[in-house]
Amino acid sequence: MEYKFSHIEKKWQQTWKETNAYKVSNDSDRPKYYVLDMFPYPSGAGLHVGHPLGYIASDIFARYKRLKGFNVLHPMGYDAFGLPAEQYAIDHGIHPAVSTDNNINNFRQQLDNIGFCYDWDREIRTSDPGYYKWTQWIFLQLFHSFFNRQTKKAEPIAELVKVFEKEGNAAHPCPGDSSIKFTAQLWAGFDQAQQMDILMEYRLAFCGYGEVNWCEALGTVLANDEVINGVSERGGFPVVKKKLRQWYLRITEYADRLLEGLERIEFSDAMKEMQSNWIGKSYGAEISFAFKPHDGKLTSAEAKLTVYTTRPDTIFGVDFMVIAPEHDWIETITTPDQKQAVEDYIAYVKSRSERERMAEKKISGVFTGAYVLNPFDGREIPVWISEYVLAGYGTGAIMAVPCGDERDHKFARHFNIPITNIIGGHYNGEEANPTKDAILENSGFLNGLVMREAMVVSIDKLEELGIGVRKVNYKMRDAAFSRQRYWGEPFPIAWKEGVAYPLAESELPVALPDLEEIKPGVEGEGPLSNLPEWIKSSPIGGERESSTMPGYAGSSWYFLRYMDPHNDGTFCDRKVSDYWGQVDLYIGGTEHAVGHLLYSRMWTKALYDLGHIGFDEPFKKLVNQGKIGGDSRLIYRVRGTNEFVSVGLKDQYETDELHVDVTIVDGLELDVEAFTNSRAEYANATFVLEDGKYICGSRLEKMGKRYFNVVNPDDIVAKFGADTFRMYEMFLGPVEQDKPWDTKGIEGVHRFIKKFWRLFYDEVKGQVWNTEQPTDAEFKVLHRTIKKIEEDTERFSFNTAVSTFMICLNDLTDLKCNKKDILQPLLVLLTPYAPHVTEELWQLLGNTSSVLNAAYPTFEPKYLVESNKEYPISVNGKLRTTINIALDAPQEDVERIVLSNDVIQKWMEGKPHKRVIYVKGKMVNVVI
RNA sequence: ACCCCGGUGGCGGAAUCGGUAGACGCGCUGGACUUAAAAUCCAGUCUGCAGUAAUGCGGGUACGGGUUCAACUCCCGUCUGGGGUACCA
């Protein structure tokens, strides 16, 4: 009986489907376990062998947990809204709903080949109205909420209104605009529009005018993390700053909790680092400097310039101030003499695109003519404008300390501003030194203090004098939440006379209307603005919001919907989310570090605050799978000819390098016939061979269409079977590591499965398994394997688990063991890795129920108990011999045995030993 | 520029807490079976030296130092590959 994988795999996939083997109930006595994959965006290109890596890992773990007695939730769905489908529609005239559907069907087929244990009854698609109804609903919850800084949580904005009515906003400073201050009386006097405007500055989902990343080519706004080096992440188009009306999420209010939450979840250090860098918390002070009045507009001595600094200890080293080109006060403080120069400079800054600013960081700036006074020594400090100070961070103004800050130093040098040295020998006059360890000089009351201490002393003094205050700042900005795009969730919002009104929950979902042709609306509006009837169809009157939500909206909460996917009364029943709770294991790539993984954490916290769920971190543990690289094949064409030369001879010619499709290369040898048939232009190509073969060059690079190095999992499964494919992907190396794909190596794993099969059935002899009583040696092999597989699986070390199976098989082959009592438990161990072949053999052993529900074998230490060990014996740390010693031998006995050993005596050369290090069960080291 | 992660045979990688470096697999070499091939099986495979051999001795985990009885593992510095951030005061 032969191992016919394609027959076996199809049969069991069919059976599992028919018997609903993967259906998961929300009602179970067993402990729960939630294993989640980052759901894919169904792109038109389909899957290559790199994509399923994480899915296989999670599938193995889900199956393992199930065997271990857990009720395991392991769902899959599609992140179906997004730019590429829309771009494809524009380019090819195919509706995004149609192309997305096709792509999903294709994905599904590819996934099904691999034999995953997803409960497909729970499939979700973010573009499904039954799903995005709840995305819109959550948006409304955020819209109706504000972040109470006293309780540090989201609360209904209706509560805030009650407070305003009673006592104004003194206790709740406005996060959107800190200059908004009012009493209860004033509040009562505002009309509805004014009140709505004020509340908008508090809402967690809010609309405002702001500088946004505008991409002309895509006709949309992009979030910061969708912009890479001044161009769009998708497509690489230029991005400029533009002021537009946009929706935002007030994620900055959650900065501290997002930071704090990292301590309670298992993410890799690298991931946590990325998130906390992105949040960018810094401690410092805001300090106000009084202006020196001048004969321009700045006549009042009351005016103060407030700066943010992390180094208040350097306040005596301030030689100039710099404000951002967008700073509100520029007009007021500029002197008549400098007016022209300042205007010219602002014009110059505006003319520079984001890209130019990034590419050439030129030192530029202009003097305003104004001065501020150092609050401690009254020194006059000139105020400059420069683009290196950002309007959006801190107060948009800095105090420049050239001896301690590199940028300030360069600026001072460039404009010949005299530099004050407050750190003595730590400053060499050539470059700034940002040390905190120098003893301060030229620093008034701070003289003689170490900078670290002076930081505290100076802030205390500033606070005492009322000219400064401790201040925490974050780099993170509020997240832009609207896109001028078609293929996304419409907002449940209507505009009336410039005021945004939410739709009632009963109006949801706001269905995405059909659109014949997708093209941008006027003046930065989205394609939906081209549908006037729809725009005017709001149930509360006014005009509908024409932009749509960004890609991360649907993915911010999808893990909750899987728990209760068909509920049309609520996004997820509270009882159900209480049962499943957090995602126990989340597997996906690192590329979502500062996007999806931050947004979903924020949404979870908001939903928790508002009492809709019972946990405030979505993912308990995150594993980042590495990328699988492509192994490209290269051929060399003699320049200007149609002649191709084998790699070993290419240096004798002047050649051009071309990629050749990996599927027509065996190892490094090109299938010349397949190549000449591949394209008309190669039909009469000629070849210079080595040893009768055309040998290709090779290079490791990203797997992608343009390198012709894409390996389709379908082909691998067809040739070797899903079980081999699954195990080989795991065998390649640690899941978290990037690694190259090598189709050649798969043979080894395939041989393993075939050989494993032969423990049960032989092609010639037929059944070879038997019911004989196993020996102790055989039990030892089994239990050693149980122990190792369990340990390796638990720590996601799937590559070593596969090798453990191989070692076990080699041992059993050596022992000529075909005994059912050994083989049957082994099948269960192997099931998570290779479910099809194990199910087949399980049934052939006479079992009637599925191996999916088998009991996981219990490790019994008694089979591994040893009385002796072959100890490695070193002399001065160098291994010299091994001696078999009883494990329970006391130190004295071990010393006696070791010191009397011939080999050891030889190496001791008659010298006395200083001591003997004996690590029980490990080794012995004699020190002389 | 700053921050993070990595660097081990021809290749993918193993060594889980500082305790016999190179497990397992690929590839390669030789052999068995075969008319032949495939498949399968057996043996060898970090490196230098000595030996017919069993084996013995030395070197070796990017490089240079250090800690330790003992370092792939910990510390300092350098080189190098990858990722993140991008004037954040």
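Residue numbers start from 1 in every chain, and the chains themselves are labelled A, B, ... in the order their sequence lines are given, proteins ahead of strands.
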Between the protein and nucleotides 11-13 of chain B, list the N/O to N/O atom pairs that are separated by less than 3.5 angstrom.
{"unit_1": "B:G12", "atom_1": "O2'", "unit_2": "A:L732", "atom_2": "O", "d": "2.4"}
{"unit_1": "B:G13", "atom_1": "OP1", "unit_2": "A:Q737", "atom_2": "NE2", "d": "2.7"}
{"unit_1": "B:G13", "atom_1": "O3'", "unit_2": "A:N799", "atom_2": "ND2", "d": "3.4"}

Taking 4.0 Å as the cut-off, does a side-chain nitrogen or oxygen of A:R751 come that near to OP1 or OP2 on B:U40?
yes
Sort out the partner of B:G60 for me: Watson-Crick or G-U wobble, both distances under 3.5 Å, none otherwise.
none
Taking the C1' atom in each of B:A86 and B:G77, what is the distance between them to the nearest angstrom?
27 Å
Across all strands shown, which nucleotide pairs with B:A36 by Watson-Crick or G-U wobble geometry, both distances under 3.5 Å?
none
Basic-acidic side-chain contact under 4.0 Å: A:D256, A:K281:
yes
Can you say whether a donor on the side chain of A:K878 sits under 3.5 Å from an acceptor on the base of B:U20, or the other way round?
no
Tell which nucleotide pairs with B:U73, taking only Watson-Crick or G-U wobble pairs whose two distances are both under 3.5 angstrom.
none
Strictly by Watson-Crick or wobble contacts shorter than 3.5 Å, is anything paired with B:A50, and which nucleotide is it?
B:U55
Of the candidates B:U16, B:A89, B:G19, the side chain of A:D792 sits closest to B:U16
What does A:I807 touch in the nucleic acid at a heavy-atom separation under 4.0 angstrom: a base, only the sugar-phosphate, or nothing?
sugar-phosphate
So, is A:T800 near the phosphate of B:U16, with a side-chain N or O under 4.0 Å from OP1 or OP2?
no
For A:V749 and A:V903, take the nucleotide of RNA chain B holding the closest heavy atom to each; which residue's nucleotide lies nearer the 5' end?
A:V749
Out of the candidates A:K788, A:K816, A:K780, A:R784, only one should pair with A:D811 under the salt bridge (charged side-chain N to carboxylate O under 4.0 Å, His left out) rule; please name it.
A:R784
Under 6.0 Å between the ring centres of A:F720 and A:Y728?
no
Pairwise P distance for B:C24 and B:C74, with rounding to whole Å:
26 Å
Between the protein and nucleotides 3-5 of chain B, are there any N/O to N/O pairs under 3.5 Å, and if so, what are the atom names and distances?
{"unit_1": "B:C3", "atom_1": "O2'", "unit_2": "A:E273", "atom_2": "OE2", "d": "2.4"}

A:E747 or A:P872, whichever maps to the more 5' nucleotide of RNA chain B
A:P872
